[in-house]
Q: 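After the structure tokens below, expect a handful of questions from me.
Just so you know, ligand 1 is whichever comes first in the structure, and atom 1 is the first atom listed for that ligand.
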Amino acid sequence: MSVRCIQDGLTGFVTLDNPPVNAIGREMRQGLLEAVAWAEGLNLDRVIVTGAGRAFAAGADAKEFDGPPLEPYLPDVLDAIERSFVPWIAAINGVALGGGAEIALACRMRIMGPGAQIGLPEVTLGVIPGAGGTQRAMRLCGLETALELIAFGKPMGAKAALAAGLVHAVEDDPVEAADMVNTEELLCVVPTWELPAPEMDVAAFSAVRENLAKRSPGQIAPHRAVEVMEAGLGLDFAEAMALERATFLDLKSGDQSRALRHMFFSERAAKAPADLPAAPQITQVAVVGGGTMGAGIAYACLSVGLSVVLLETDADGVARATENVERLIVAGLKRGRLDDSSAEVLRARLVITDDYGAASGSSLAIEAAFEAMEVKKEIFAKLDAALPADTILATNTSYLDIDEVAAGTKDPSRVLGLHFFAPAHIMRLLEIVQGAQTGDRALAMGFGLAKLLKKVPVLAGVCDGFIGNRIFSRYREEADFLLMDGAVPWEVDEVMEAFGYAMGPYEVGDLSGLDIGFANRRRQDATRDPKRRYVPIADRMVNEGRLGRKTSVGWYRYPGGGGKVVDPLIEDLIAEEAHFAGVTRAEIPDDVVRERLLLAMINEAANILGEGIAHSAADIDLVTVFGYGFPRWRGGLMHFADAWGVVEIVEKLRLLEAQDPVVWAVSPVLAECAAAGMALTDWRAKG
Ligand code: 3H9
């Protein structure tokens with residue numbers, strides 16, 4: 001049973017017990033309802049409810065959200081707890097989130113452990129609190145705090161919860177403290193539903209709405225939560241609860257909640273494959289190259305307690321690398337992630353040198369040097385010579401052929417790709433690239449490192465750009481085709497921002513530097529299909545010294561290194577290139593811009609799936625969301641494609657294919673899914 005009841009004198013101890021985090025499923029709701037009757041039947045003095053293990057309760061079991069609601073419903077269970085003549089005390093031993101927090105809010109009293117957290121993060125799953133959270137929280141901690149808690153879904157620690165009035169006390173042993181509460185004192189506490197709703201505060205509502213527009217553009221649930229709270233001020237408790245419940249149920253069956261649940265569970269499913277051996281122990285990592293990427297990787301490793309030997313080519317390189325890491329440490333200090341003593345510990349675990357011999361104690365080396373095959377080969381030869389035979393050798397290349405890098409080493413089975421995303425200490429995605437000869441031990445090391453760094457690991461095969469950059473390259477290519485055909489960069493950017501990206505492709509290009517894409521295109525010149533359409537606009541930009549933010553001019557201008565401004569010269573440049581190419585440009589409606597970009601990415605992603613470069617559609621979703629800013633609330637590229645409809649996608653692609661069969665050849669995976677009425681998410685390679 002997921003609810004255990006024990007009587008001790010006139011006290012009933014109720015334990016929520018559904019490992020690992022006491023998610024509230026039907027059985028727990030039933031158990032709680034029975035516990036109310038049990039305590040009343042015994043005429044107990046009080047009930048103390050707590051959670052088994054590390055959590056109080058992580059909220060409603062989100063796995064149940066796909067089906068219709070099952071009785072007994074949580075609001076009814078909590079109503080029974082709140083109105084019972086036996087008062088309940090929540091002893092919050094660990095996280096109390098969503099429905100878990102709502103259980104606590106329905107209790108007469110709440111005592112929290114110092115390390116526990118309480119929060120209403122339902123909006124992160126695309127819903128709002130559905131068991132009284134919106135109404136009880138604002139009665140307990142006031143409108144402003146409740147709005148912050150619910151609209152942004154960020155949990156509170158014990159100290160903050162006490163200061164906000166959400167809990168009555170913080171005690172080392174909340175169960176023991178609950179047992180000590182004086183009965184008369186307990187009976188004097190007014191049940192939450194009897195408390196008056198706060199006064200209307202127009203400024204608080206405007207502030208939260210303004211903030212939401214900036215922090216959660218495109219998401220519905222936070223706005224609906226705010227609406228319910230606003231309406232609740234003018235309704236009685238029962239009416240407000242009914243409105244909250246109806247809104248919760250409406251959102252639960254909507255696309256955004258489905259997408260966010262998909263992301264929640266996919267993120268947790270991203271683990272080492274079950275057949276891999278245990279990850280080898282890591283205490284020291286060698287990082288080659290102390291540029292932005294290498295310094296970020298080194299800092300990420302240092303932050304989780306690893307020692308790092310950062311290898312550079314010469315004394316100048318060492319000085320530059322030292323500066324780069326130090327900049328990250330100072331930023332960590334500024335943001336409060338580090339204090340003076342933890343910063344010192346970090347520095348003490350870091351060696352920056354040009355002596356490869358100093359890295360001989362490393363179980364893993366990660367090369368993050370200049371993106372050129374010859375450079376990589378040279379570094380791998382040095383690593384091969386200087387490090388023990390069982391050290392795993394990884395390259396952080398974004399595009400290059402890992403098999404070619406591995407071929408030059410004594411034992412290619414210990415070579416893999418570990419593709420980090422900038423800034424490496426912040427971005428959650430880690431593509432773990434498996435070469436033709438990569439061994440299980442090397443893969444296990446990659447997944448082990450991802451776990452240590454709290455990254456989302458995705459296994460990828462070898463191809464130009466792996467999963468993420470291959471999709472991104474196609475996106476960028478199609479964006480340039482759109483320019484040639486009639487669009488302008490700021491229109492394309494606005495369309496993709498309206499779709500949910502924080503930045504469109506051209507602003508991203510300016511940020512990373514247009515020379516990067518240029519170098520890639522030159523590398524691809526030898527293998528590009530001569531029949532494939534090629535747009536030289538971006539090349540011309542680079543040839544004219546427009547490299548993006550670093551030169552204060554790229555697709556946009558950045559006067560004084562500040563914010564972007566539209567540059568009308570670009571329109572002339574595009575028009576000129578179109579003239580040279582004999583293309584007649586015409587205005588392209590926003591929905592066509594959006595569709596072409598999304599179709600291009602979906603088609604490429606389906607090929608990536610079909611070629612076995614990605615192992616599942618969900619992996620592609622993780623890559624697009626965690627590495628490339630695809631809106632999480634759309635569930636990632638493939639989930640979005642399924643929601644759009646594979647049949648419709650294939651119909652649209654066929655029309656484009658008729659115009660340009662090279663660029664738009666329809667992916668066999670998409671064609672197969674459309675013919676079989678199958679979702680991309682369910683597609684599996686045969687055999
Ligand atoms: C809600 O409550 C609605 C109500 O207002 C209204 C109802 C009427 N459901 O994250 P972890 C699983 S909405 C199902 O790896 P951690 C998770 O999938 C809910 N399963 O551990 C994983 O399974 P597996 C509002 C859940 O220590 C395992 O537990 N609540 C749920 O890093 C361990 O999870 C939230 O949004 C769930 N609700 O973090 C909180 N939660 O082992 C969501 C977890 O098979 N949960 N699982 O991979 C969290 O934020 C984190 O899981 C938590 C633990 C902080 C609790």
Q: Quick check for you: to the nearest 0.5 Å, what is the distance between Leu276 atom CG and Leu459 atom CG?
A: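 Interatomic distance, Leu276 CG to Leu459 CG, rounded to 0.5 Å: 8.0 Å.
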Q: Quick one: does atom 17 (C) of ligand 1 have a protein heavy atom under 4.0 Å from it?
A: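 Yes, because at least one protein heavy atom sits under 4.0 Å from atom 17 (C) of ligand 1.
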Q: Distance to 0.1 Å, residue and atom name: give those for the protein heavy atom nearest to atom 35 (C) of ligand 1.
A: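 The closest heavy atom on the protein side is Ala58 O, 3.5 Å.
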Q: In plain terms, say whether Arg258 and Asp66 are close enough for a salt bridge, that is, a side-chain N and a carboxylate O under 4.0 Å apart.
A: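 Result for this pair is no, no salt bridge flagged.
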Q: Using a 4.0 Å heavy-atom cut-off, which part of Leu125 comes near ligand 1: side chain, backbone, both, or neither?
A: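 Side chain only; the backbone of Leu125 stays clear of ligand 1.
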Q: Is ligand 1 less than 4.0 angstrom away from at least one heavy atom of Gly133?
A: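 No heavy atom of Gly133 comes that close to ligand 1.
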Q: Would you say Ala60 and ligand 1 have an N/O pair spaced under 3.5 Å apart?
A: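 Looking only at distances, the answer is yes, because the N/O contact criterion of under 3.5 Å is met.
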Q: May I ask you to check if ligand 1 and Gly130 share an N or O to N or O distance below 3.5 Å?
A: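 By distance alone, the answer is yes.
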Q: Should Arg26 and Glu71 count as an ion pair when the cut-off is N to O under 4.0 Å?
A: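 The answer is no: the pair does not qualify as a salt bridge.
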Q: Students should be able to answer this: which protein heavy-atom is nearest to atom 26 (C) of ligand 1, and at what distance?
A: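 The answer is Phe264 CE2, 4.2 Å.
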Q: With a 4.0 Å cut-off on heavy atoms, is Pro20 touching ligand 1?
A: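 Judged by the 4.0 Å heavy-atom criterion, Pro20 does count as contacting ligand 1.
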Q: Can we say Glu230 and Arg209 salt-bridge, meaning some charged N sits less than 4.0 Å from an Asp/Glu carboxylate O?
A: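 Arg209 and Glu230: salt-bridged.
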Q: Looking at Glu194, I'd like to know if its CD atom is crowded, meaning that more than 12 non-hydrogen atoms belonging to other residues, nucleotides or ligands lie closer than 6.0 Å.
A: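 Yes, enclosed.
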Q: Measure from NZ or CZ of Arg139 to the centre of the six-membered ring of Trp193, then state whether that distance is under 6.0 Å and the direction lies within 45° of the axis.
A: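 Here Arg139 fails the 6.0 Å and 45° test against Trp193.
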Q: Among all protein heavy atoms in this structure, tell me which lies nearest to atom 27 (O) of ligand 1, with the distance rounded to 0.1 Å.
A: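 Heavy-atom neighbour on the protein nearest atom 27 (O) of ligand 1: Arg54 NH1, 2.3 Å.
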Q: Quick one: look up the protein heavy atom nearest atom 8 (C) of ligand 1 and list residue, atom name and how far away it is.
A: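 Heavy-atom neighbour on the protein nearest atom 8 (C) of ligand 1: Arg245 NH1, 3.5 Å.
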Q: Considering heavy atoms of the protein only, find what lies nearest to atom 34 (O) of ligand 1 and give residue, atom and distance to 0.1 Å.
A: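 Protein heavy atom with the smallest distance to atom 34 (O) of ligand 1: Arg268 NE, 4.0 Å.
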Q: Select one of side chain, backbone, both or neither to describe which atoms of Lys454 lie under 4.0 Å from any atom of ligand 1, heavy atoms only.
A: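 Near ligand 1, Lys454 shows nothing, with every heavy atom at 4.0 Å or more.
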Q: Please report whether ligand 1 has a polar contact with Phe65, defined as an N or O pair separated by less than 3.5 Å (distance criterion only).
A: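 No - when backbone and side-chain N and O of Phe65 are compared with those of ligand 1, no distance drops under 3.5 Å.
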Q: Is there at least one protein heavy-atom neighbour under 4.0 Å from atom 45 (O) of ligand 1?
A: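 So far as the 4.0 Å threshold goes, atom 45 (O) of ligand 1 is out of reach of every protein heavy atom.
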Q: Report the part of Val21 in contact with ligand 1, treating N, CA, C, O as backbone and CB onward as side chain, heavy atoms under 4.0 Å; options are side chain, backbone, both, neither.
A: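 Val21 to ligand 1: side-chain contact only, backbone stays beyond 4.0 Å.
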Q: Got the closest protein heavy atom to atom 55 (C) of ligand 1, with its distance?
A: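 Nearest neighbour among protein heavy atoms for atom 55 (C) of ligand 1, to 0.1 Å: Leu97 CD1, 3.9 Å.
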Q: Looking only at protein heavy atoms, identify the closest one to atom 20 (N) of ligand 1 and say how far it is in Å.
A: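 Of every protein heavy atom, Phe265 CE2, 3.9 Å lies nearest to atom 20 (N) of ligand 1.
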Q: Is the positively charged end of Arg634 above the ring of Phe499, judged by distance under 6.0 angstrom from the centroid and angle within 45° of the axis?
A: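 Relative to the ring axis of Phe499, which defines the angle, Arg634 lies inside both limits.
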Q: Does a side-chain N-to-carboxylate-O contact under 4.0 Å join Glu267 and Arg632?
A: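 Judged by the 4.0 Å cut-off on N to carboxylate O distance, Glu267 and Arg632 do form a salt bridge.
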Q: Could you tell me whether Arg29 sits above the aromatic face of Tyr73, with NZ or CZ closer than 6.0 angstrom to the six-membered ring centre and within 45 degrees of the axis?
A: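 Verdict for Tyr73: no cation-pi partner in Arg29.
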Q: Check Lys271 against ligand 1 and report side chain, backbone, both or neither, counting heavy atoms closer than 4.0 Å.
A: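 Just the side chain.
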Q: Output yes when the distance from some N or O of ligand 1 to some N or O of Thr124 is under 3.5 Å, and no in every other case.
A: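 No, since none of the N or O atoms of Thr124 sits under 3.5 Å from an N or O of ligand 1.
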Q: Heavy atoms of the protein only: does one fall short of 4.0 Å from atom 5 (O) of ligand 1?
A: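 So atom 5 (O) of ligand 1 has protein heavy-atom neighbours under 4.0 Å.
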Q: Can you tell me if Tyr73 has a non-hydrogen atom under 4.0 Å from ligand 1?
A: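 Per 4.0 Å heavy-atom rule, Tyr73 does not contact ligand 1.
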Q: On the ring face of Phe265, is Arg261 found with NZ or CZ under 6.0 Å from the centre and within 45° of the axis?
A: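 Pair Arg261/Phe265 does not count as cation-pi.
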Q: Look only at interatomic distance and state if Ala23 has a nitrogen or oxygen under 3.5 Å from any nitrogen or oxygen of ligand 1.
A: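 In fact, backbone or side chain, Ala23 has no N or O that close.
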